[in-house]
Amino acid sequence: MENRNENLQEENKASLNFIEQIIENDIKNGKNESSVHTRFPPEPNGYLHIGHAKSICLNFGIAEKYNGLCNLRFDDTNPTKEEVEYVDSIIEDLKWLGFDWGDRLYFASDYFDQMYNFAIELIKKGKAYVCDLSSEETSALRGTPSVPAQPSPFRDRSIEENIDLFTRMKAGEFPDGSKTLRAKISLDSPNMQMRDPAMYRIRHAHHHRTGNTWCIYPMYDWAHGLEDSIEKITHSLCTLEFENHRPLYNWYLDESEVYRPQQIEFARLNLSYTVMSKRKLLELVQEKLVNGWDDPRMPTISGMRRRGYTPESLRAFSDRIGIAKRNNVIDVAMLEHSVREDLNKRAKRVMAVLNPLKVTIKNYPEGQSEELKAVNNPEDESAGTRLIPFSGEIYIEREDFMEDAPKKFFRLAPGREVRLRYAYFITCEQVLKDESGNITELICTYDPLSKGGKSPDGRKVKGTLHWVDAKQNIEAQVRIYDRLFTIPNPDSNEEKGFKELLNPDSLSIIEKAYIEPSVDGADALSYYQFERLGYFNVDKDSKKGAMVFNKTVGLRDSWGKPKNQ
RNA sequence: UGACCCAUGGUGUAAUUGGCAACACGUCUGUUUUUGGUGCAGAAGAGUCCAGGUUCGAGCCCUGGUGGGUCAACCA
């Protein structure tokens with residue numbers, strides 16, 4: 001025990017976020033017998049997104065750091081919005097992220113009986129009543145923060161009548177919306193959450209786990225605290241919008257006379273150039289503004305996975321952004337940095353030409369070809385080498401040639417010499433054009449002595465270009481993604497709704513890119529660096545002979561976009 | 001309008017019982033380089049929303065403003 005605490009102090013000397021400070025203090029004071037037990041409680045009504053990843057890393061991370069446990073618990077209290085598809089996707093995403101909840105997979109719906117019994121107890125204490133008001137009527141009587149509520153005409157029903165009515169609600173005697181069970185707390189609390197909130201509503205709906213056994217379903221506030229209590233959660237971490245609910249969370253648990261975990265709120269993640277609410281993401285999916293939940297432009301875990309993000313990079317990102325209570329918008333550049341950092345160490349390098357320009361090397365022996373050795377990953381010697389086919393006809397990137405090139409343009413131009421990576425030095429001798437003046441082909445010469453990219457006489461070239469052999473290559477589809485929205489904060493724009501701010505150029509498809517043959521048949525999700533272009537991964541639509549790649553993120557580029565210079 | 005919460009370089013997060021603000025991303029420089037990538041070295045950029053107060057000393061404590069967020073679903 002003492003050892004553990006000392007170790008903690010050692011490794012955390014740097015700094016603790018405010019939640020860790022609270023927890024370390026609790027451990028020191030022996031609260032909950034100095035144990036830590038957290039939970040990640042998603043509602044299965046949509047796919048997980050990068051904001052959830054922050055919460056997941058927090059909850060599982062805290063548990064791991066303090067030698068505790070973290071449960072996975074589905075908060076499935078609303079059958080009209082929840083589906084097994086979402087349960088499955090959430091589990092898949094969590095596993096992919098690399099988290100483990102052992103055998104502690106729970107569902108709020110497993111506690112429905114216990115919740116019901118606690119509700120009966122509350123009624124018996126005179127702390128809850130059945131109300132016949134419609135939601136509109138209830139709302140009309142609720143008042144405002146400065147105006148007290150009008151009491152419901154049913155507020156003072158007898159305990160016997162309440163029990164009878166609630167029992168019959170459960171038995172299915174009443175139609176949807178006709179009655180609720182309400183907590184009897186306050187009519188004039190300045191905290192609106194405390195003005196006799198609903199505990200149960202009637203929904204004759206099929207639940208994905210309990211089927212038709214229930215027709216009354218608990219509200220979040222009533223259910224969530226009990227779930228935490230039943231599971232003996234020590235620290236119940238949630239986002240800021242639940243701050244006003246904490247008194248209610250405490251009230252329910254205290255009135256039920258059960259163990260009360262500590263709710264702590266932190267700020268949710270916002271990312272620039274995207275939206276982070278399940279409702280908005282659902283709209284994008286349903287209105288087919290994107291191609292499903294796992295569209296690589298989506299900030300969903302599944303979208304980012306398909307895009308080529310690694311679990312490690314997402315976890316590193318979560319660590320980097322920190323935990324606090326202040327509203328934030330994280331620069332998407334931070335996320336991009338996290339993937340580049342990870343992929344730089346791991347991605348196999350490969351050459352691909354996305355926007356091809358034919359180059360004919362006129363002094364290369366006609367009809368001949370050869371294989372040249374290339375390094376798979378300069379950051380990782382163990383990745384080895386491979387052979388790439390080369391001949392007198394190749395493609396280079398159109399952007400790598402400029403007819404009237406400025407001095408700082410370190411690439412190919414008439415009369416200039418560059419290196420073809422792992423191949424030879426070539427010099428541009430002639431530019432071929434069609435009738436309308438478009439460049440169609442370059443005629444170059446090569447220096448046979450520069451094989452492998454080294455010049456025997458020690459002469460230097462400024463530029464090194466990637467290339468692909470014109471005959472021995474594969475043709476692949478490459479999908480290029482840009483930010484989904486045109487402004488940094490589409491969530492809170494006053495003039496336009498978020499859907500009006502979608503970037504029309506967020507997806508562009510290159511039908512025929514040329515790539516060196518080694519990538520043919522690679523598994524879905526395999527990640528590569530296309531040299532000098534960026535990181536790309538194999539899409540699930542990919543097949544041997546018909547490969548499809550997604551651009552994860554470009555390389556940092558201090559030259560910028562040459563076409564704009 | 002009432003309650004609750006928040007306020008530190010462009011962005012995000014630190015500053016351990018109050019001791020002249022640190023780290024990451026971004027930006028810029030130089031250097032290395034067969035990726036205008038990576039690595040390495042370095043720089044600029046805030047005096048901590050404002051006004052008072054306590055103190056030898058305040059980003060940290062107190063008071064009052066200002067600005068922002070959340071809540072007034074039978075959603076979570």
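Because only heavy atoms are used, hydrogens play no part in the values below, and waters and symmetry mates are left out as well, while side chains stay in.
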Report which part of the nucleic acid A:Leu240 touches: base, sugar-phosphate, or nothing (heavy-atom distance under 4.0 Å, all strands).
-> nothing

Between B:rG59 and B:rU48, how far is it from one C1' atom to the other, in whole Å?
-> 5 Å

According to the 5.5 Å centroid and 30° plane-angle thresholds, does A:Tyr220 stack upon the nucleobase of B:rA76?
-> no

So what's B:rA3 paired with, Watson-Crick or G-U wobble, going by both distances under 3.5 Å?
-> B:rU70

Nearest-Å distance once atom C1' is located in both B:rG26 and B:rG19 = 32 Å

If you measure from the P atom in B:rG30 to the same atom in B:rC62, how many Å do you get, rounded?
-> 49 Å

May I ask you to verify if any side-chain N or O of A:Arg201 is less than 4.0 angstrom from the OP1 or OP2 atom of B:rC75?
-> yes

Reckon A:Thr77 has a side-chain N or O less than 4.0 Å from the OP1 or OP2 of B:rA76?
-> yes

Spacing of the P atoms in B:rC60 and B:rU17 (rounded, Å) | 16 Å

Can you find a side chain N or O atom of A:Arg556 that sits less than 4.0 Å from OP1 or OP2 on B:rG36?
-> no

Between A:Glu43 and A:Tyr86, do the side chains contain an N or O donor and an N or O acceptor separated by less than 3.5 Å?
-> no

Just name whichever nucleotide pairs with B:rG64, Watson-Crick or G-U, keeping both distances under 3.5 Å, else none.
-> B:rC50

Is there a donor N/O on one and an acceptor N/O on the other, under 3.5 Å, for the side chain of A:Arg411 and the base of B:rG36?
-> yes

If you take atom types as modelled and just measure distance, does the side chain of A:Gln529 reach the base of B:rU35 with a donor-acceptor pair under 3.5 Å?
-> yes

Using Watson-Crick geometry (N1-N3 plus N6-O4 or O6-N4) or G-U wobble (N1-O2, O6-N3), each under 3.5 Å, B:rG10 is paired with B:rC25

Verify the contact: side-chain N or O of A:Arg320 to OP1 or OP2 of B:rU13, cut-off strictly under 4.0 Å; return yes or no.
-> no

What nucleic acid atoms does A:Pro218 come within less than 4.0 Å of, heavy atoms only: base, sugar-phosphate, or nothing?
-> sugar-phosphate

side-chain contact (heavy atoms from CB on, under 4.5 Å) partners of A:Met194, counting only residues at least two apart = A:Ile185, A:Ser189, A:Asn191, A:Pro247, A:Leu248, A:Trp251

Expressed as a whole number of Å, how far does the C1' atom of B:rA58 sit from that of B:rA21?
-> 13 Å

Salt bridge between A:Arg39 and A:Glu231, side-chain N to carboxylate O under 4.0 Å?
-> no

Considering just the side-chain nitrogens and oxygens of A:Ser15, establish if one lies under 4.0 Å of OP1 or OP2 belonging to B:rA22.
-> no

Under 4.0 Å: is that the gap between some side-chain N or O of A:Arg73 and OP1 or OP2 of B:rA76?
-> no

Base B:rU35 to side chain A:Arg349, donor-acceptor N/O within 3.5 Å cut-off | yes

Any side-chain N or O of A:Arg142 under 4.0 Å from OP1/OP2 of B:rC74?
-> yes

Separation of the P atoms in B:rC4 and B:rU63, to the nearest angstrom | 13 Å

Kindly indicate whether the side chain of A:Asn244 and the base of B:rU70 share any N or O donor-acceptor pair separated by less than 3.5 Å?
-> yes

Measure the acute angle between the ring planes of A:Phe530 and A:Phe549, then classify it against the limits of 30° and 60° as parallel, tilted or perpendicular.
-> perpendicular

OP1 or OP2 of B:rC75 under 4.0 Å from side-chain N/O of A:Arg203 | yes

Conformer about C1'-N of B:rA24 - syn within 90° of 0, anti elsewhere | anti

As its Watson-Crick or G-U partner within any shown strand, both distances under 3.5 Å, B:rG45 has none

Rounded to whole Å, the CE-P distance (A:Met219 to B:rC74) equals 6 Å

Indicate syn or anti for B:rG47, taking the glycosidic torsion and treating anything within 90° of 0 as syn.
-> syn

Any A:His337 side-chain N or O less than 4.0 Å from OP1/OP2 of B:rC25 | yes

Give a yes/no answer on whether the side chain of A:Gln21 brings an N or O atom under 4.0 Å of OP1 or OP2 in B:rA15.
-> yes

Between A:Glu399 and A:Arg411, does at least one N-O distance fall below 4.0 Å, as a salt bridge requires?
-> no

Check whether the side chain of A:Glu336 and the base of B:rG26 form a donor-acceptor pair under 3.5 Å.
-> no

Neighbour count above 12 (heavy atom, 6.0 Å) for A:Glu85 CD | yes

